[in-house]
Q: 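Have a look at this one.
As the structure lists them, so they are numbered: ligands from 1, and atoms in each ligand from 1.
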Amino acid sequence: MNQVVINDTTLRDGEQAAGVAFNLEEKIAIAKFLDAIGVPEIEIGIAAMGAAEQQAIATIVDLNLQAHLLGWNRAVISDIQASIACGLKRVHISIPVSAIQIGAKFQGNWQLVLQKLQDSLNFALDQGLFVSVGGEDSSRADEQFLLDTVLAAQEWGASRFRFCDTVGILDPFTTHDKVKKLVTSLSIPVEMHTHNDFGLATANALAGIKAGALSVNTTVNGLGERAGNAALEEVVMALKHLSKIDLGIDTRRLLEISQLVATASGYNLPPWKAIVGENTFAHESGIHAHGVMQNPHTYEPFAPEEIGQERRLVVGKHSGRHLLSNVLQQHGIILNSEETQSVLNAVRQESTQKKRSLTTQELLSLVGVKQ
Ligand SMILES: CC(=O)SCCNC(=O)CCNC(=O)[C@H](O)C(C)(C)COP(=O)(O)OP(=O)(O)OC[C@H]1O[C@@H](n2cnc3c(N)ncnc32)[C@H](O)[C@@H]1OP(=O)(O)O
Ligand SMILES: O=C(O)CCC(=O)C(=O)O
């Protein structure tokens with residue numbers, strides 16, 4: 001299998017999440033971090049948005065990162081001129097490809113859309129740029145029209161095609177079928193761009209890769225339009241552990257970049273967020289904690305250190321004797337069986353009342369230890 005690459009779009013689709021607006025420092029920090037952990041390509045913004053965005057793009061270009069930097073454009077020559085003015089050498093040109101999108105935006109005039117693509121593509125190629133072409137709403141497009149469009153883009157000189165499940169309506173099986181058809185008919189690589197409206201963005205990205213896609217769009221924390229995109233941390237870890245594809249990303253810093261983007265976006269993650277949520281390596285339930293204390297693999301799919309996280313054993317409503325004794329022993333407290341059960345009952349009561357697990361201090365004061 002050829003090497004699969006990440007093209008992270010936290011700074012473009014990620015920032016399109018309603019209510020998210022990164023400032024220049026945050027954009028620079030995110031771009032540098034993505035580069036530092038080995039993300040090979042970063043979609044850094046939309047120059048057509050105006051002066052502030054152009055300044056941010058140009059500043060990131062000037063950082064001379066290892067990663068390839070890509071700018072997002074409509075099939076509009078002035079958009080591409082704006083990208084060029086920022087110093088970008090790679091541009092992505094997007095056109096709508098489904099009947100519903102072409103109907104709403106171009107009154108159903110698909111010839112006009114193709115003409116705009118050809119004109120803007122020619123313009124970008126004349127400037128010596130690498131050009132990726134995106135099919136907005138590829139998943140709802142007529143399959144023959146989509147294929148004809150992509151074949152035309154390939155013939156006109158596009159270097160890659162982005163298959164977009166713009167409204168996240170695919171499942172992994174349908175994704176695999178659709179992407180396989182494209183991959184077998186094209187000589188340029190296919191890139192996956194999947195949305196999470198039904199919670200399937202990562203699964204669909206993986207299905208596309210299994211079908212032969214060689215590039216995948218991600219965003220840190222899955223940030224993005226509506227329910228978001230395929231999450232960088234999920235795609236990287238699922239490919240590594242489930243598909244045995246190591247992308248060479250420094251996974252030990254995934255938690256750190258997740259926290260950076262969460263802060264910059266102004267949105268905290270739910271504790272159960274896959275890979276980077278604060279509970280992904282926390283064990284409270286008696287049976288789980290007992291198992292983990294014998295062998296962490298009983299209830300952990302990989303070691304927490306692999307993403308820069310730490311394991312936590314937490315005493316709460318669902319805890320059992322083994323966990324409780326273990327925690328108390330760490331504080332020099334050894335109880336007999338009856339005493340342990342009585343503390344456990346008190347833990348259940350207090351935890352239910354407080355609607356959370358207990359801090360060590362709260363546990364110790366239940367046992368009568370003064371701190
Ligand atoms: C699925 C996606 O995520 S696509 C990316 C979406 N991202 C964004 O929209 C964020 C950044 N966007 C912006 O800042 C603005 O929308 C701009 C600068 C691109 C355009 O702004 P405005 O000129 O004010 O237009 P507005 O956003 O209201 O409407 C979009 C226009 O682009 C046109 N358009 C939409 N998609 C495309 C396309 N792929 N190629 C060419 N034109 C397009 C629409 O038909 C409409 O054209 P019109 O002004 O001639 O009617
Ligand atoms: O890049 C494109 O072509 C469109 C990307 C996009 O954000 C989407 O379709 O959801």
Side-chain angles (χ1 to χ4, degrees), residues 7-22 41-54 56-57 70-83 86 90-98 100-121 123-124 131-141 146 149-150 153 158-170 175 178 182 190-198 200-201 204-205 208 213 215-219 222-230:
N7 175 6
D8 187 88
T9 182
T10 306
L11 293 174
R12 199 277 298 172
D13 203 322
E15 201 195 24
Q16 284 177 211
V20 173
F22 300 133
E41 188 167 8
I42 312 173
E43 187 166 65
I44 57 174
I46 305 176
M49 283 174 65
E53 185 76 357
Q54 287 161 16
I57 294 172
L70 186 80
W72 191 94
N73 303 269
R74 295 172 298 172
V76 173
I77 288 176
S78 58
D79 282 23
I80 293 155
Q81 285 170 323
S83 287
C86 296
R90 287 189 171 217
V91 288
H92 177 80
I93 303 178
S94 173
I95 53 159
V97 288
S98 66
I100 185 168
Q101 299 284 351
I102 297 175
K105 296 170 185 170
F106 296 97
Q107 296 73 47
N109 191 345
W110 56 267
Q111 294 96 332
L112 174 65
V113 175
L114 289 181
Q115 192 57 56
K116 280 174 171 286
L117 175 62
Q118 188 173 18
D119 292 347
S120 51
L121 190 49
F123 177 79
V131 185
S132 150
V133 166
E136 190 189 358
D137 214 9
S138 297
S139 50
R140 290 194 293 185
L146 179 67
T149 302
V150 187
S159 291
R160 185 170 65 203
F161 176 69
R162 177 180 293 177
F163 176 93
C164 302
D165 183 18
T166 301
V167 285
I169 46 81
L170 292 183
T175 304
K178 284 180 182 285
L182 284 179
V190 171
E191 175 169 87
M192 297 305 299
H193 181 96
T194 53
H195 276 278
N196 207 31
D197 298 69
F198 287 94
L200 292 169
N204 289 339
S215 179
V216 55
N217 286 161
T218 59
T219 60
L223 193 67
E225 289 276 0
R226 306 180 310 282
N229 293 64

Q: From atom 15 (C) of ligand 1, is the closest protein heavy-atom distance below 4.0 Å?
A: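 Flag for atom 15 (C) of ligand 1 set to false, no protein heavy atom closer than 4.0 Å.
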
Q: For ligand 2, which atoms, with element, lie under 4.0 Å from some heavy atom of Gly134?
A: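 Answer for ligand 2: 3 (O).
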
Q: Starting from atom 10 (C) of ligand 1, which protein heavy atom do you reach first, and at what distance in Å?
A: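 Protein heavy atom with the smallest distance to atom 10 (C) of ligand 1: Ile46 CD1, 3.8 Å.
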
Q: Scan side-chain atoms only and decide if Asp13 and His193 contain a donor-acceptor pair under the 3.5 Å cut-off.
A: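 Asp13 vs His193: donor-acceptor pair found between side chains.
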
Q: Any side-chain to backbone donor/acceptor pair from Asn229 onto Gly222? Under 3.5 Å, distance only.
A: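 Checking the backbone N and O of Gly222 against the side chain of Asn229, no donor-acceptor pair under 3.5 Å is found.
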
Q: Measure from the side-chain N and O atoms of Gln54 to the backbone N and O of Ala82, and report whether any donor-acceptor pair falls under 3.5 Å.
A: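 Not a single qualifying donor-acceptor pair exists.
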
Q: Please lay out, stage by stage, how Leu114 and Gln118 fare under the test side-chain contact (heavy atoms from CB on, under 4.5 Å).
A: CA-CA 6 Å; Leu114 289 181; Gln118 188 173 18; over 6 Å; no

Q: Is a side-chain donor-acceptor pair under 3.5 Å present for Asn217 with Glu43?
A: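 No, Asn217 and Glu43 have no side-chain donor paired with an acceptor closer than 3.5 Å.
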
Q: Does only the side chain of His195 get under 4.0 Å from ligand 1, or the backbone, or both, or neither? Count heavy atoms.
A: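 It is neither; nothing of His195 touches ligand 1.
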
Q: Is a donor on one side and an acceptor on the other found under 3.5 Å between the side chain of Asp165 and the backbone of Leu170?
A: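 Flag set: sc Asp165 to bb Leu170 pair under 3.5 Å.
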
Q: Would you say CZ of Phe198 has more than 12 non-hydrogen atoms from neighbouring residues, nucleotides or ligands within 6.0 angstrom?
A: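 No, the 6.0 Å shell around CZ holds no more than 12 heavy atoms from other groups.
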
Q: Return the residue, atom name and 0.1 Å-rounded distance of the protein heavy atom closest to atom 10 (O) of ligand 2.
A: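 Of every protein heavy atom, His195 NE2, 3.0 Å lies nearest to atom 10 (O) of ligand 2.
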
Q: Protein heavy atoms: any of them under 4.0 Å from atom 32 (O) of ligand 1?
A: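 True for atom 32 (O) of ligand 1.
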
Q: Would you say Gln16 and ligand 1 have an N/O pair spaced under 3.5 Å apart?
A: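 Yes, at least one N or O pair falls under 3.5 Å.
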
Q: Counting only heavy atoms on the protein side, is anything nearer than 4.0 Å to atom 45 (O) of ligand 1?
A: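 Yes.
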
Q: Just one of Arg162, Arg74, Lys105 clears the salt bridge (Lys or Arg N to Asp or Glu O under 4.0 Å) bar with Glu136, so which one?
A: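 Answer to the salt bridge (Lys or Arg N to Asp or Glu O under 4.0 Å) test with Glu136 among Arg162, Arg74, Lys105: Lys105.
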
Q: Between Gly45 and Ile57, what is the shortest heavy-atom contact and its length?
A: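 That closest heavy-atom pairing would be C-CD1, 3.8 Å.
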
Q: Looking at Phe161 and Gly134, what are the two nearest heavy atoms and their distance?
A: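 Closest heavy-atom pair between Phe161 and Gly134: CE1-C, 4.0 Å.
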
Q: If you look at every heavy atom in Gly14 and Thr219, which pair is closest and at what distance?
A: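 Answer, listing the atom of Gly14 first, then Thr219: N-CG2, 3.8 Å.
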
Q: Looking at Thr149 and Val97, what are the two nearest heavy atoms and their distance?
A: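 Result for this residue pair: CG2-CG1, 4.3 Å.
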
Q: Looking only at protein heavy atoms, identify the closest one to atom 40 (N) of ligand 1 and say how far it is in Å.
A: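 I find the closest protein heavy atom is Ala75 N, 3.1 Å.
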
Q: Verify the contact flag for atom 22 (P) of ligand 1, where contact means a protein heavy atom under 4.0 Å away.
A: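 It does not; no protein heavy atom is within 4.0 Å.
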
Q: By number and element, which atoms of ligand 1 are closer than 4.0 Å to a non-hydrogen atom of Glu136?
A: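 It comes down to these atoms of ligand 1: 1 (C).
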
Q: Pull out every atom of ligand 2 sitting under 4.0 Å from any heavy atom of His92, numbered as shown with elements.
A: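 Heavy-atom distances to His92 below 4.0 Å select 1 (O), 2 (C), 3 (O).
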
Q: Begin with the C-alpha distance, continue with both residues' side-chain angles, and end with the deciding distance and a verdict on side-chain contact (heavy atoms from CB on, under 4.5 Å) for Ile93 and Leu117.
A: CA-CA 8 Å; Ile93 303 178; Leu117 175 62; 4.0 Å; yes

Q: Which atoms from ligand 1 have a heavy atom of Val76 less than 4.0 Å away?
A: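 Every atom of ligand 1 under 4.0 Å from some heavy atom of Val76: 41 (C), 42 (N).
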
Q: Nearest to atom 9 (O) of ligand 2, what protein heavy atom do you find, and at what distance?
A: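 Going atom by atom, the protein heavy atom closest to atom 9 (O) of ligand 2 ends up being Thr166 OG1, 2.6 Å.
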
Q: Only heavy atoms of Cys164, strictly under 4.0 Å: list the atoms of ligand 2 that pass.
A: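 In order of number, 2 (C), 3 (O), 4 (C), 5 (C), 9 (O).
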
Q: Start with the C-alpha distance between Val150 and Phe163, add both sets of side-chain angles, then the distance that settles side-chain contact (heavy atoms from CB on, under 4.5 Å), and finish with yes or no.
A: CA-CA 10 Å; Val150 187; Phe163 176 93; over 6 Å; no

Q: Just to be sure I'm reading this right: ignoring hydrogens, which of Lys105, Glu53, Arg74, His193 gets closest to atom 20 (C) of ligand 1? Compare them by their nearest heavy atoms.
A: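 Looking at heavy atoms only, Arg74 sits closest to atom 20 (C) of ligand 1.
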
Q: Which of the atoms in ligand 1, numbered in the order shown and given with their element, are less than 4.0 Å from a heavy-atom of Pro96?
A: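 Reading through ligand 1 atom by atom, the close ones are 39 (N).
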
Q: May I ask you to list the atoms of ligand 2 that are less than 4.0 angstrom from any heavy atom of Trp72?
A: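 Those qualifying, in numeric order: 1 (O), 2 (C), 4 (C).
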
Q: Counting distance only, does the side-chain N/O of Thr166 pair as donor-acceptor with the main-chain N or O of Asp137 below 3.5 Å?
A: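 Checking the backbone N and O of Asp137 against the side chain of Thr166, a donor-acceptor pair under 3.5 Å is found.
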
Q: Looking only at non-hydrogen atoms, which of Glu136, Glu43, His193, Glu191 approaches atom 6 (C) of ligand 2 most closely?
A: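 The residue whose heavy atom sits nearest atom 6 (C) of ligand 2 is His193.
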
Q: Pairs of nitrogen or oxygen atoms closer than 3.5 Å, one from Glu225 and one from ligand 1: do any exist?
A: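 No; the residue has no nitrogen or oxygen that sits under 3.5 Å from a nitrogen or oxygen of the ligand.
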
Q: Can you tell me which residue and heavy atom of the protein come closest to atom 5 (C) of ligand 2, and the distance to 0.1 Å?
A: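 Here the nearest protein heavy atom works out to Arg12 NH2, 3.4 Å.
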
Q: Protein non-hydrogen atoms only, distance under 4.0 Å: does atom 7 (N) of ligand 1 have such a neighbour?
A: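 Within 4.0 Å: yes, protein heavy atom nearby.
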
Q: Measure the distance from atom 12 (N) of ligand 1 to every protein heavy atom, then report the residue, atom name and distance (to 0.1 Å) of the closest one.
A: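 Ranked first by proximity to atom 12 (N) of ligand 1 is Met49 CG, 4.2 Å.
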
Q: Would you check whether Ala48 has a nitrogen or oxygen atom less than 3.5 angstrom from a nitrogen or oxygen atom of ligand 1?
A: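 In fact, backbone or side chain, Ala48 has no N or O that close.
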
Q: Which heavy atom in Ala124 sits nearest to a heavy atom in Val131, and how many Å separate them?
A: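 In terms of heavy atoms, the two residues are closest at CB-CG2, 3.6 Å.
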
Q: Start with the C-alpha gap between Gln107 and Leu112, add the side-chain angles, then the distance that decides, and say whether side-chain contact (heavy atoms from CB on, under 4.5 Å) holds.
A: CA-CA 10 Å; Gln107 296 73 47; Leu112 174 65; 5.9 Å; no

Q: Closest non-hydrogen protein atom to atom 39 (N) of ligand 1, residue and atom name please, with distance?
A: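 Looking at atom 39 (N) of ligand 1, the protein heavy atom closest to it is Ser94 O, 2.7 Å.
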
Q: Among all protein non-hydrogen atoms, which one is nearest to atom 3 (O) of ligand 2, and what is the separation to 0.1 Å?
A: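 The closest heavy atom on the protein side is Ser94 OG, 2.8 Å.
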
Q: Could you tell me whether atom 4 (S) of ligand 1 has at least one protein heavy atom nearer than 4.0 Å?
A: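 Answer yes: something from the protein, a heavy atom, is under 4.0 Å.
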
Q: Yes or no, since that's all I need: does a protein heavy atom fall within a distance strictly under 4.0 Å of atom 26 (P) of ligand 1?
A: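 So atom 26 (P) of ligand 1 lacks protein heavy-atom neighbours under 4.0 Å.
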
Q: For atom 1 (C) of ligand 1, is the nearest protein heavy atom closer than 4.0 Å?
A: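 It does: a protein heavy atom is found less than 4.0 Å away from atom 1 (C) of ligand 1.
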
Q: Tell me: protein heavy atom nearest atom 42 (N) of ligand 1, and distance?
A: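 The answer is Phe106 CZ, 3.5 Å.
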
Q: Decide yes or no for Leu70 and Glu41: does some side-chain heavy atom of the first lie under 4.5 Å from some side-chain heavy atom of the second?
A: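 A side-chain contact under 4.5 Å exists here.
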
Q: Test of understanding: given a 4.0 Å heavy-atom threshold, classify the contact between Ile95 and ligand 1 as side chain, backbone, both, or neither.
A: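 Backbone only.
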
